[in-house]
Amino acid sequence: RLEYLGDAVFDTIIADYLYNHFPYRNEGFLTKMKSKIVNRENMDMLASKIGLDNLIIANIGRHEGKHLSGNTLEALIGAVYLDKGYLKAQKFVLKKIIKKFIDFQELEAQDFNYKSILVELCQKNKKIVVFETSETATSPSFFTSIALVENQNYGTGKGFSKKEAEQNAAEKALNRLKETSEDTCFNIKL
């Protein structure tokens, strides 16, 4: 429960920080930057950098502890929020994590092409991947894309362009594939 709460609080703090730190950047840019910060691997790395992983004592299975460090960091943020309130949680995240361990120039330079990665991964594993993308009839246009791997929905993404929607769908599909990579019926090697 604390992890769930901390995840939401951390997302809000990051969204607020990025909104103010990059006042002239569009929503797509802000969304990509936020996803680079809050993704599972980065959360694990941040937990390690603040020394949190050295304090964890757990007796769990191999799959249950996959992102234990990052999940614990989220739980810690949730606990600070409950105990001290949003402003103290925000101060903690900004002072102890953002300003110490996140290089925004380096992060901005990391531009992942999730769609290409997904397509190459599926080709390598002889799996068929298709993107079904639709456009709304609203103004401005809005796109929704579904990444189908072997005719199964592995990720849905939205965006103000077809490319953005497909990138978001591919990113979600890759995250799901990472979680299910041990699934013998699918058997994709990451």
Side-chain angles (χ1 to χ4, degrees), residues 1-112 114 142 144 154-160 164-165 167-182:
R1 291 173 55 88
L2 281 175
E3 176 193 341
Y4 164 80
L5 184 61
D7 179 47
V9 171
F10 188 67
D11 276 3
T12 302
I13 292 167
I14 297 301
D16 180 60
Y17 182 83
L18 292 171
Y19 181 82
N20 290 304
H21 192 73
F22 297 101
Y24 302 106
R25 301 307 291 262
N26 67 24
E27 178 189 9
F29 171 84
L30 298 174
T31 299
K32 285 179 186 174
M33 288 293 281
K34 184 168 86 73
S35 71
K36 291 175 187 179
I37 296 169
V38 303
N39 72 59
R40 290 282 120 217
E41 289 75 22
N42 196 55
M43 292 299 290
D44 292 341
M45 182 267 306
L46 290 171
S48 178
K49 283 186 173 184
I50 68 169
L52 191 58
D53 57 342
N54 295 327
L55 303 174
I56 299 170
I57 300 171
N59 185 14
I60 55 177
R62 182 170 58 107
H63 298 294
E64 294 167 338
K66 190 172 184 182
H67 295 290
L68 185 61
S69 296
N71 293 343
T72 303
L73 176 57
E74 289 173 343
L76 175 63
I77 293 167
V80 171
Y81 168 76
L82 282 178
D83 191 46
K84 299 292 183 180
Y86 178 79
L87 292 177
K88 292 284 186 180
Q90 182 184 40
K91 184 177 179 182
F92 167 73
V93 168
L94 294 177
K95 185 177 179 184
K96 300 291 183 186
I97 299 171
I98 302 291
K99 293 184 178 173
K100 270 188 159 181
F101 300 114
I102 296 180
D103 181 342
F104 286 97
Q105 287 181 327
E106 182 182 309
L107 203 59
E108 193 174 350
Q110 294 175 359
D111 190 17
F112 299 108
Y114 297 109
F142 196 75
T144 300
Y154 266 74
T156 302
K158 297 179 186 286
F160 291 105
E164 183 181 7
Q167 284 292 327
N168 291 334
E171 181 181 12
K172 288 180 181 170
L174 286 166
N175 287 333
R176 181 165 174 213
L177 286 170
K178 283 180 189 173
E179 292 170 6
T180 61
S181 64
E182 308 253 338

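All values derive from a computational prediction rather than experimental measurement.
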Which pairs would a plain distance check flag for residues 79-88, meaning a side-chain donor or acceptor within less than 3.5 Å of a matching protein atom at least two apart in sequence or in another chain?
none

Side-chain (S48) to main-chain (D44) donor-acceptor, under 3.5 angstrom
no
Parallel, tilted or perpendicular: rings of H21 and F104 (30°, 60°)
tilted
Taking atom CZ of F22 as the centre, does the number of heavy atoms from other residues, nucleotides or ligands within less than 6.0 Å exceed 12?
yes
Min side-chain heavy-atom separation D11-K34 under 4.5 Å
yes
Flag for D16-Q90: side-chain donor and acceptor within less than 3.5 Å:
yes
Does any part of the side chain of L2, heavy atoms only, come nearer than 4.5 Å to the side chain of L76, both counted from C-beta?
no
Straight-line distance of K49 NZ to I102 CD1, nearest 0.5 Å:
9.0 Å
As an exercise, state the distance from CG of L30 to OH of Y19, rounded to the nearest 0.5 Å.
9.0 Å
Shortest non-hydrogen contact from L174 to Y114?
CD1-O, 3.6 Å
Would you confirm whether D7, through its side chain, and Y4, through its main-chain N or O, come within 3.5 Å as a donor-acceptor pair?
no
pair I50-L46: side-chain heavy atoms closer than 4.5 Å
no
Shortest non-hydrogen separation from I77 to G6 and the atoms involved:
CG2-O, 3.9 Å
Flag the pair I97 / L73 as yes when at least one side-chain heavy-atom distance between them is below 4.5 Å, and no otherwise.
yes
Neighbour count above 12 (heavy atom, 6.0 Å) for F29 CZ:
yes
Correct closest heavy-atom pair for G70 and A47 would be N-CB, 4.1 Å
Any idea which heavy atoms bring A169 and G155 closest together, and the distance?
CB-O, 3.6 Å
So which heavy atom on E74 is nearest to which on E3, and how close?
OE1-CG, 3.3 Å
With side chains defined as the heavy atoms from C-beta onward, is the minimum distance between K158 and N168 less than 4.5 Å?
no
Hey, what do you get for CD (Q167) to NZ (K172), rounding to the nearest 0.5 Å?
13.0 Å
Hey, does M43 have a side-chain heavy atom less than 4.5 Å from the side chain of S69?
no
Please name the pair of heavy atoms, one in I37 and one in N42, separated by the smallest distance, quoted to 0.1 Å.
O-ND2, 2.7 Å
